[in-house]
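Proteins get letters first, then strands, A, B, ... in listed order; numbering begins at 1 in each.
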There are 2 protein chains.
Amino acid sequence: MTEIRWLGDNEQRAWRGYLRMQGRLGARLNRQLQIDSELSLADFDVLVHLTDVPEARVRVVELARALQWEQSRMSHQIARMQKRGLVVREECPEDRRGAFVVLTPSGRRAIETAAPRHVETVRRLFFDRLTEDQVRTLGAISDQVLGALDEEEATGS
Amino acid sequence: MTEIRWLGDNEQRAWRGYLRMQGRLGARLNRQLQIDSELSLADFDVLVHLTDVPEARVRVVELARALQWEQSRMSHQIARMQKRGLVVREECPEDRRGAFVVLTPSGRRAIETAAPRHVETVRRLFFDRLTEDQVRTLGAISDQVLGALDEEEATGS
DNA sequence: GCGGAATACATGATGCATCATGTACGTTGA
DNA sequence: TCAACGTACATGATGCATCATGTATTCCGC
């Protein structure tokens with residue numbers, strides 16, 4: 001049994017702060033988006049990616065990879081969004097197991113009205129409070145941690 | 001209609017990185033905790049707070065405030081944890097509307113075996129990748145953003 | 001070209017987060 | 001003191017995330 005390396009005071013503070021920010025900011029953004037535009041953050045991410053892609057049309061598997069979501073989550077998400085008319089599923093002729101997700105006009109309208117408001121909220125609550133340097137550091141932190149996750153999940157499999 | 005201030009390239013990158021890290025790190029920690037100790041992160045937070053408090057016994061409202069959770073979330077969480085024997089509810093004599101949450105021996109065993117493993121995971125995936133300076137900056141970022149949230153929610157009410 | 005493995009996706013079940021609502025109790029002020 | 005209001009908590013409904021499983025198709029080695 002090896003020695004346990006507990007967190008030091010600075011780490012404790014940073015970690016609790018991060019968890020709290022993460023939780024409350026996420027909750028706030030979700031609620032705001034819901035009130036303003038009747039979308040969840042998950043809906044938003046899917047819609048944004050669809051507008052970024054030729055013909056607003058992607059393979060499900062591609063979308064999942066791009067957002068780094070599990071396949072099953074994506075499948076359920078698409079099902080719910082289809083029910084609300086934001087996207088439709090289409091069959092894939094080249095690979096008959098596969099499927100496309102396609103943005104509907106209604107989905108496009110939704111993201112076009114939602115995006116500016118959402119960006120404004122993010123700016124107000126987040127970027128307006130941060131210095132350029134802090135933004136850069138946060139980017140670096142994210143990259144490093146994502147690197148750690150990628151490594152573990154690569155070797156682990 | 002005022003001009004929309006979209007995010008610049010650096011902000012885009014930082015924001016997408018943050019969202020991705022947040023999502024994947026959270027998912028990973030949750031899964032690990034579930035596998036190792038059959039607890040969710042939410043369970044963990046509740047249990048940690050209970051061990052931090054005299055007699056491992058708190059008012060529900062106090063616990064909700066400490067973790068900055070909504071009351072209803074806390075109520076459901078306590079109900080689930082009680083079902084699994086991790087905590088029990090007790091009546092409050094001084095204020096008969098209120099209730100206490102009390103850590104059970106089983107709950108204490110759970111948190112005592114879970115904590116070291118969880119800390120190890122957090123350290124491996126997070127702190128081992130960061131410099132001291134980055135940790136400090138992250139702490140500052142969290143404080144500033146939480147400040148923004150507090151302000152809005154104070155004036156908004 | 002065939003049989004086994006891998007891939008793409010759907011679906012049902014469970015736990016979790018939030019909202020809306022309900023109930024009991026306390027508090028305050030005329 | 002009592003009526004109005006606020007507070008502490010529970011509960012049911014809904015949407016979301018994950019796990020386990022199932023099905024159809026493609027790929028690959030022989």
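- Remark: B:Arg13 does not engage A:Asp143 in a salt bridge, criterion side-chain N to carboxylate O under 4.0 Å.
- Applying the side chain to side chain contact (heavy atoms under 4.5 Å, CB included) test to A:Gln12 and every residue at least two apart in sequence or in another chain returns A:Leu7, A:Arg16.
- The list of salt bridge (Lys or Arg N to Asp or Glu O under 4.0 Å) pairs with a residue in residues 26-40 of chain A, not counting sequence neighbours, reads A:Arg28-B:Glu152, A:Arg28-B:Glu153.
- Applying the side chain to side chain donor-acceptor pair (under 3.5 Å) test to pairs two or more places apart or on separate chains, those with a residue in residues 96-112 of chain A are A:Asp95-A:Arg97.
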Distance-only criterion, 3.5 Å: show the donor-acceptor pairs between side-chain atoms of residues 43-56 of chain B and protein atoms not counting sequence neighbours.
{"residue": "B:Asp43", "atom": "OD1", "partner": "B:Ser40", "partner atom": "OG", "Å": "3.4"}
{"residue": "B:Asp43", "atom": "OD1", "partner": "B:Gln77", "partner atom": "NE2", "Å": "2.5"}
{"residue": "B:Asp43", "atom": "OD1", "partner": "B:Arg84", "partner atom": "NH2", "Å": "3.0"}
{"residue": "B:Asp43", "atom": "OD2", "partner": "B:Ser40", "partner atom": "N", "Å": "2.9"}
{"residue": "B:Asp43", "atom": "OD2", "partner": "B:Ser40", "partner atom": "OG", "Å": "3.1"}
{"residue": "B:Asp43", "atom": "OD2", "partner": "B:Arg84", "partner atom": "NH2", "Å": "2.6"}
{"residue": "B:Thr51", "atom": "OG1", "partner": "B:Val48", "partner atom": "O", "Å": "2.7"}

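- Residue pairs satisfying the ring-ring contact (aromatic ring centres under 6.0 Å, His included) criterion with at least one member in residues 89-113 of chain B, sequence neighbours excluded, are absent.
- By the side chain to side chain contact (heavy atoms under 4.5 Å, CB included) test, A:Ala64 is found to be paired with A:Met74, residues two or more places apart in sequence or in another chain being considered.
- Residues in residues 61-74 of chain A take part in these salt bridge (Lys or Arg N to Asp or Glu O under 4.0 Å) pairs, two or more places apart or across chains: A:Glu62-A:Arg65.
- A heavy-atom distance below 4.0 Å to DNA chain C is reached by these residues of residues 62-97 of chain A, ordered by number: A:Gln71, A:Ser72, A:Ser75, A:His76, A:Arg89, A:Arg97.
- Protein chain B touches strand DNA chain D; the 5'-most and 3'-most nucleotides with an atom under 4.0 angstrom of its non-hydrogen atoms are D:dG6 to D:dC19.
- With sequence neighbours left out, B:Leu19 forms a side chain to side chain contact (heavy atoms under 4.5 Å, CB included) with B:Trp15.
- Applying the ring-ring contact (aromatic ring centres under 6.0 Å, His included) test to pairs two or more places apart or on separate chains, none has a residue in residues 51-90 of chain A.
- Residues from residues 21-53 of chain A that place a heavy atom under 4.0 Å from any atom of DNA chain C, listed by number: A:Ala27, A:Arg31.
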